[in-house]
Amino acid sequence: MKLLTNAAGLVGEIEVPADKSISHRSIMFGALAKGKTTIKNFLRGEDCLTTLKAFQDLGVTIEDDGETITVEGVGFAGLKKPADILEMGNSGTTTRLIMGILAGTDFTSVLSGDASLNKRPMARVMDPLNQMGADLTGAAGGELPPITIVGQKKLQPIDYLMPVASAQVKSAIIFAALQAQGTSTIVEKVASRNHTEEMIRQFGGTIEVTGREIKITGPQTFSAQSVIVPGDISSAAFFLAAGLIVPNSEVTLTNVGINPTRTGILEVIQAMGGSLTESAIDEKNQSATLTVKTSSLKATEIGGAIIPRLIDELPIIALLATQATGKTVIKDAEELKVKETNRIDAVATELKKMGADITATADGLIINGPTPLHGAAVTSYGDHRIGMMLQIAALLVKNGTVELEQAEAVAVSYPQFFEDVTSLNGGR
Ligand code: S3P
């Protein structure tokens, strides 16, 4: 696909799509609750539709009237053995979280995804679930999908010190712990997004969180809720960046989720000297309107505990750094290597093709800026966030064209992405 280049300035207001993490979990909790859960502003991107379909395949009635999704909850015990392999597509969140749910069933299920998903590490989830008494095995006895899950109705609680900072792993263990007999303790290495913990409370369950320690006593039951999903800060990130680096821009993004476990990018923008204002802050729904303006940016260092709070934003932050004065260092981000693609290598390789001064390191990136970007033939590697980052990069290209391979990947989290770029660029 030929990308939009040489933008005159992005000006206007958009509502970014619904939060991917919360949309997945709203289907899951709706299915596990007793009663009818309604979900408004559900993200109809490919990953969340994978979750919706997987729960239908597990015997849950889920309907979409175009506005509201209705889930007829069946409880943990009401899930039915699927007739076939459960298709996970490109979705790591569906795969890892559902493993924790299926670990406590009385049937066997198999999960398989696309070429990218079937290369992603699953031992991080299989190990703790196997310690709890379930029986999970990967392809050829290893840790990669297809994963076979032999459920165990009588899961044991677990005391688990997490070796990786991952909300997906944490959530899978939490889902298993909710079905176990007794109290489980999970200690996170570094705090990660807490949507699962928040939704347990929203659906009437209990969870105790003290710093990085989480205690869950099972078994628990949930009651149906009405969920309204806020906009995804990880999708907003692309337009926050575009508004800061495309000349003559002023972009306003409404209803953006600002759960503090997700807002690392806002702190980075402030540290880089970007013009960012928050308004219409809604404490209850954890959302706000964010406005950015073209700014001269300075380099920064990003590492340590902030990393899980902006893990999905690092590709677009790397692009920001190519336009900032000085040397930006991103470290402690080795998890980027096991996302939809190896995002450290993908970001460095593709931005280098466009003229950036960027070097991949073992756990991050080093970027010297500012550098002008030029036309090139680039690829998303089938990774939605790499594809969107490259379109924002292309907006800065004055001469030449940018041809993006596998542009369709953006539909995983942001089906309207290219339309929103065009509309903010005045329809040009
Ligand atoms: C997610 C957690 C993160 C993130 C992913 C969504 C979630 O993955 O990258 O896009 O919804 O729990 P990890 O937990 O593996 O870091």
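Values reported hereafter were calculated over all heavy atoms of this structure, with side chains retained and with hydrogens, waters and symmetry mates removed. In this chain, residues are counted from 1 in sequence order. In each ligand, atom 1 is the first atom listed, and ligand 1 is the first ligand listed.
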Which residue and atom name correspond to the protein heavy atom nearest atom 6 (C) of ligand 1, and how close is it?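 It is Thr93 OG1, 3.5 Å.
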Taking atom 10 (O) of ligand 1 as the reference point, the nearest protein heavy atom with its distance: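 Scanning the protein heavy atoms, the shortest distance from atom 10 (O) of ligand 1 goes to Asp312 OD2, 2.7 Å.
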Heavy atom under 4.0 Å from ligand 1: found in Arg193's side chain, backbone, both, or neither?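 The answer is the side chain.
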Part of Arg25 within contact of ligand 1 (heavy atoms, under 4.0 Å):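 Near ligand 1, Arg25 shows its side chain, while the N, CA, C and O stay back.
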Are any of the N/O atoms on Leu97, whether in the backbone or the side chain, positioned under 3.5 angstrom from an N/O atom of ligand 1?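 By distance alone, the answer is no.
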Under 3.5 Å, N or O to N or O, is Arg124 touching ligand 1 that way?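 No.
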Please verify whether a non-hydrogen atom of His195 lies at under 4.0 Å from ligand 1.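 No heavy atom of His195 comes that close to ligand 1.
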Are there over 12 heavy-atom neighbours, none belonging to Lys352, within less than 6.0 Å of that residue's NZ?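 Above 12, so yes.
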Residues, nucleotides or ligands: over 12 heavy atoms within 6.0 Å of Ile306 CD1: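 Yes, enclosed.
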Select the closest option to atom 15 (O) of ligand 1 among Ser91, Ser166, Ser21, Pro121, judged by heavy-atom distance.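 Considering heavy atoms of Ser91, Ser166, Ser21, Pro121, the nearest to atom 15 (O) of ligand 1 sits in Ser166.
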Would you tell me which option among Glu313, Gln168, Lys339 has the nearest heavy-atom contact to atom 2 (C) of ligand 1?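 Residue with the shortest heavy-atom distance to the ligand atom: Gln168.
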Would you call the rings of Phe417 and Phe238 parallel, tilted or perpendicular, taking 30° and 60° as the class edges?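 Because their plane-to-plane angle is over 60°, the rings of Phe417 and Phe238 count as perpendicular.
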Phe76 vs Phe222 aromatic rings, parallel, tilted or perpendicular, using cut-offs 30° and 60°?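 It falls in the tilted class, 30° to 60°.
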Atoms of ligand 1, numbered as shown, that sit under 4.0 Å from any heavy atom of Ala167: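 So the atoms of ligand 1 that pass are 12 (O), 14 (O).
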Which atom of Ile316 lies closest to which atom of Ala241, heavy atoms considered: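 Shortest heavy-atom separation between Ile316 and Ala241 comes out as CG1-CB, 3.4 Å.
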How far apart are the closest heavy atoms of His24 and Asp47, and which atoms are they?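 Smallest interatomic distance, heavy atoms only, reads CE1-O, 3.3 Å.
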Taking the side chain from Lys119 and the backbone from Glu340, do they hold a donor-acceptor pair closer than 3.5 Å?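 Side chain of Lys119 to backbone of Glu340, a donor-acceptor pair under 3.5 Å: no, none is there.
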